[in-house]
Amino acid sequence: MLNIILFGPPGAGKGTQSAFLVEHFGLVHLSTGDIFRANIKGETELGKLAQSYMDQGKLVPDDVTISMLESEVDNHPTAKGFIFDGFPRTTAQADALDAFLNGRNAPIACMLALDVDEDELKARLLARAETSGRPDDANPTVIQKRIDVYNAETAPVAGHYAEQGKYTGVDGIGTIEEITERLCAAVPSE
Ligand code: AP5
Ligand code: MG
C-alpha cells in the first residue's frame, strides 16, 4: 500500500496535483472537502452539518470528519493506496489516521507539503471564485479565515509527520507540470 498525505494551505494546489498523482501511482483520491461538498449537494444530514462550518471557513468537528474518512477508506478494500487531500487537518485527526492505518498494516508513507505564499493563495482562490461556485471562495473574509485556521490548527500537523521522518516540503509555485514532477520525485520508492 502507498498512502500519501498531500498537505498545504487553502489554494495550494492539493486538488489539482492529486489528479496527477492518482493517475501516476494508481491510487484512490480522498478529499474530505470534496466529500463534504457532495453531501451538501445531496442535502444529507452530514452535508447540512458540514455546510454551517464550511461557509464560515471553520473546520468541521473532528469526530464527524474522522468517522467519515474511515468509512471512505473501508469503502475501497482493493485500493493500492490513497492520497489524503485536506485530511488530517488537526493533530487529533493525524493521531486517529495513524492508529487506523497502523491497525491495517498500511501506515502513511509520506506527507508532501505544498509551499505557497499567502498572497498567491488569495489570488488563486479569488480567481477560482469566478467559476467554482464555492461560497468559501467568494468572500475575502472567509478566505482569510480559512488561512488563519490553517495556520493555527492545521500547520502543526506537519510537525507530527516531521517527527516520524515522513515530511517533505515541496515548492508549490511554478507550472502545474513542474510541481507534479517535484511531487513525484519526493515519493519514496516502495
Ligand atoms: P477543502 O475543500 O479541502 O479546501 P481547502 O483546503 O481550503 O483548499 P482548496 O480545495 O480550496 O485548495 P487546494 O489546495 O485543493 O487547491 P486547488 O488545486 O483547488 O476544504 C474546504 C472546507 O471543508 C474547509 O474549510 C473545512 O470547513 C472543511 N474540511 C475539509 N476537510 C476537513 C477536515 N479534514 N477537517 C475539518 N474540516 C474539513 O487549486 C486552487 C486554485 O489554484 C485552482 O483554481 C487551481 O486551478 C489553481 N492552481 C493550482 N495549481 C496552480 C499553479 N501551480 N499555479 C497557478 N494556479 C494554480
Ligand atoms: Mg481542494
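Computed from a predicted structure; not experimentally measured. Whatever order the structure lists them in is the order used to number ligands and atoms, beginning at 1.
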Heavy atoms only: which of [options] lies closest to [atom]?
atom                    : options                    : value
atom 24 (C) of ligand 1 : Lys14, Arg89, Arg37, Gln56 : Arg89
atom 12 (O) of ligand 1 : Ala127, Gly8, Gly15, Gly11 : Gly11
atom 35 (N) of ligand 1 : Gln93, Arg124, Arg146      : Gln93

Side chains of Asp98 and His160: do they bring a donor and an acceptor to under 3.5 Å?
yes
Taking only non-hydrogen atoms of [X], do any sit less than 4.0 angstrom from ligand 1?
X      : result
Leu125 : yes
Arg134 : yes
Ala12  : yes
Ser132 : no
Gln17  : no

State, with a plain yes or no, whether a side-chain heavy atom of Asp171 is found less than 4.5 Å away from one of Ile179.
no
Classify the contact between Phe36 and ligand 1 as side chain, backbone, both or neither, using a heavy-atom distance cut-off of under 4.0 Å.
side chain
Consider side-chain contact (heavy atoms from CB on, under 4.5 Å). Of Tyr161, Phe82, Phe87, which one does Ile5 pass it with?
Tyr161
